[in-house]
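Naming convention: chains lettered A, B, ... in sequence-line order (proteins, then strands); numbering from 1 in each chain.
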2 protein chains.
Amino acid sequence: MSRKRWRSVKEIRIADVARLAGVSTATVSRVLANRGAVTAKTYEVVMEAVHRSGYTPNSVARNLRTRRTMTVLVVVPNLANPVFAQILRGIDDELTQSGYGLVIGNLDNCLEREARYVDLALSRQVDGILLMTGRVPGDDKRHMGDAGLPMVAMCATIGDSRIPNVVVQDREASRAAVQHLVELGHRRLGYVAGPIGNVIEAERFAGFLEGLEDAGLGKQNFVRWEGRFVFSAGVAAAESFLRAKNRPTGIFASCDESAIGFLKTVQAAGLRVPDDVSIVGFDGIEFADYTEPTLTTFQQPLHLLGQRGSAVLLKLMRGEMTSADWSTRLPLTLLARGTTGKAPHARRRSGVA
Amino acid sequence: MSRKRWRSVKEIRIADVARLAGVSTATVSRVLANRGAVTAKTYEVVMEAVHRSGYTPNSVARNLRTRRTMTVLVVVPNLANPVFAQILRGIDDELTQSGYGLVIGNLDNCLEREARYVDLALSRQVDGILLMTGRVPGDDKRHMGDAGLPMVAMCATIGDSRIPNVVVQDREASRAAVQHLVELGHRRLGYVAGPIGNVIEAERFAGFLEGLEDAGLGKQNFVRWEGRFVFSAGVAAAESFLRAKNRPTGIFASCDESAIGFLKTVQAAGLRVPDDVSIVGFDGIEFADYTEPTLTTFQQPLHLLGQRGSAVLLKLMRGEMTSADWSTRLPLTLLARGTTGKAPHARRRSGVA
DNA sequence: ATCGACTTTGTAATCGATTACATCTTTTGA
DNA sequence: TCAAAAGATGTAATCGATTACAAAGTCGAT
C-alpha cells in the first residue's frame, strides 16, 4: 500500500511569485493578464520570477473571482455516433479561437443523464451551453434552460423560441430524399425511423411525409418501421421488410447506420441493391463511402454546424446578438451514389432489365 | 443588438439560505454535505430553505476551498475513432459511481494539442489524468507528467515505470494474428501499419514480427506499408499491394479502419476475399461486423479497459494502490470470421479450389 | 519650487464555499 | 444535583486569484 502524497511540494501561489519579484500580487496579476500599465523593467522582473518558480495560475481561484470559467458545456446524445465527433471538431475549433474550452456531456442515448449536466451548469462550472438533444413538448424534466445560462440549441426544437438555434435542414433534405426516389420511379416507399420522441426524427419524418404529398402519394404508399439511430434498427426494419408481401422498392432511412444495417440485411437475403431495392441514408458518415455499393445519402455540413453553433453562443454570451443570429438553417448535400437506381417496374418499362 | 444580462437575478449564496433558515452558513454546509451532527429539526428547516430558494452550491468556490474538483481529465487521441467512445463509456460508468466527473481532452490526432490539456491539469482544474496517448522515448515536449497529478497510462508506454498502466495485450494479439494466418497456410504476409511514432503501433508491429519468428519466417516473407489508423491508409496500402509483383496472401492491418479500406479496395479491383487474399483487422469496431464478408479481427475489451483504468486511477488518487495495480494487461479475443480463409496454394494442395 | 496630470504600484476587499475551533446546550452517570 | 462528556451550532479564517481604490512616483509647465 503506497501512500504517496500528490503535490507534496508546496504549491506556488501568486504571492510567492510576488515575493520573488519584489512586487505586489496585484502587479504580478497585471503582468500576467497583460492588463493595466507596467514598466518594461517590472514586466521583465515579474516574468523572470514566473519562469524561475514555474508558476501556473490556479484557475479555480480565478474563476471564483471573475465569475467566469471560460468553458462551454456541449451536450451530445451519443458520442459513439461519428456525426457528433465531427460537429465537436467544428465547435472546438471555433471556441478555442476565442479562448474558451469545452466540456462534453455525453448522454449515451439516455436522456435521463441530462440531469447530471444540468447540475454542472447550475453549479457555475460553465459559462454557456450548446445543446444537441431535442425535447418533445410536455416534457417537464429538469431542463438545461433551468440553469439560466446562455444556450444555443443545435437540433430542431419544438417551442422555446427564446433559445437561438442552429440546425441543418432535416425536413427539406428528407423531402428531397423522397423526391429523389420518386424521380427514379419508386411509388411504394419504406421509412426506417429513428427513436420515438426524438425531435430530429420528427423533423425527418415530417419531411418524408411532405415529399410523399409533393408526389401525390398517400398513406397507402408507404410503410414505416420504428427504430433508433443504430445499425440494428436497420437490420430489424429489413427483416420486417423481407417478410412483407407487398414490398416497397425505395427505402429512406433516417440515418446512415440504420440504412447500412438495412442494406447488409437485404443483401444477405439475396436481394440486389439497387436493382431490387433502392436505399437512401441520412448523415453522410464516412462509412457510407465504404459499403458496396456506396450508400446514397445526404451529407450534413457537420464542421460548419459546429462552428456556427459556437459562433452564435459566443455572441450570445457577449451580448452581441443580431436578429439574424436567432435562427440558422444549413442545407444538406445529396450524394447520389450506388444504392439508388431506377425502380424495377420503371426499368422494365424502359427496357433496362 | 440585444444586451440581455445573464443571471440578472441575484445569485443565491449559502449565506442567503442560512439567513432564510435562521442558522449559520456552517450549519447549511453541514446539512448539505451530510457531515457533522445536526438535529432532525434543523435538517428540516435548512432543507426547506434550500428548496424554497432553489439554491445550488457554487462548485467553483467549493473546489477552491477543498482543493479538489472531483473531475478527471481523459486524454483521447481521436474522438472520431469509435474505439475511444466505447472506452469512454467504461470510464464514465466507473467514475460516476465514485462521484467523479470527466473532461475529455481530444487531440484530434495531433499530439501538439496535448499542451492545452497539460495547462488544464497544471491550473488545478482536474484531480487526475487518464492518458490514452503514448509517447516515444526522447520526446521532450511538455508532458502530462509535468502536472504532477495522479495519472494512469491506458496505452503502451515506453519507460516511465512510475506511471501505472492499464492496457490491452496488443503484442500478444498481433502475434496471434500472424499465427492465425500461418495456420491457414499463408507464408507471405502484408502489414498495414499505423502512424509512425505511435506506441500502440509499435507494440502491434513488434507482435507481428514475433509471430513471424514463431513461424520461422524472415524479413523476405513480409511487406510493410506505412499508414495511419484511418480508412484511407488501408486504401493506399491496397493500391500498393495491387501493384506488387509478388503479392502477399495474408494481410494484417493494425486497425479495423485500415483493414476495411484495404478490403474494399482489393474487392473493387476484382479480387475475392478470402479466396485470393485473407485480411485480419484489429479492434473489433462495430462496423467490422457489417462488411461483406465480415471482418476477421481481434476484439478489444473496451468497456472493461475503461473501467479498469478508472479504477486504478481512483486507487491512486486515494493512495490505495497495491503492487498488483501497477500493471494490468487485458487479453483480446480473436473473432475468426469471413475475411480469412486458407491460402490459395494451400487450398489447391488440399483440393478445395 | 510648486502644482496638476498622468503613470505605476500597493493595500485590502472580494468571490462563495468549507471547516477548525470556540461556545453553548443537552445528556449521562455517580 | 452537578461535573463531565457529548452534541449542536456559530464565528471567523481560509482557499488563491482579481481589482477598486489609494498612495506614491514622474514629469513638464509655470
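- Among the heavy atoms of the strands lying under 4.0 Å from A:Thr42 are primed sugar atoms or P, OP1, OP2 only; no base atom is included.
- Rounded to the nearest 0.5 Å, atoms CZ (B:Arg67) and CG (B:Asp127) are 11.5 Å apart.
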Indicate for each nucleotide in nucleotides 13-19 of chain C, in 5' to 3' sequence, whether protein heavy atoms under 4.0 Å reach the base (B), only the sugar-phosphate (S), or nothing (-).
BBBBBBB
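- Rounding to the nearest 0.5 angstrom, the gap separating the CG atom in B:Asn81 from the CD1 atom in B:Ile87 is 8.5 Å.
- Taking CG of B:Asn109 as the reference point, atom OG1 of B:Thr133 lies at 11.0 Å (rounded to 0.5 Å).
- By the 4.0 Å N-to-carboxylate-O rule, B:Asp119 lies too far from B:Arg116 to be salt-bridged with it.
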Show each protein N/O and nucleotides 25-28 of chain C N/O combination with a separation under 3.5 Å, one pair to a line.
none

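- When atom types are taken as modelled, the side chain of B:Ser310 and the backbone of B:Arg308 share no donor-acceptor pair closer than 3.5 angstrom.
- If you take NZ on B:Lys315 and OG on B:Ser98, they are separated by 12.0 Å, rounding to the nearest 0.5 Å.
- Formation of a donor-acceptor pair under 3.5 Å by the B:Arg318 side chain with backbone atoms of B:Leu316 is not found in this model.
- With A:Ser29 contributing its side chain and A:Thr25 its backbone, the two residues share no donor-acceptor pair below 3.5 Å.
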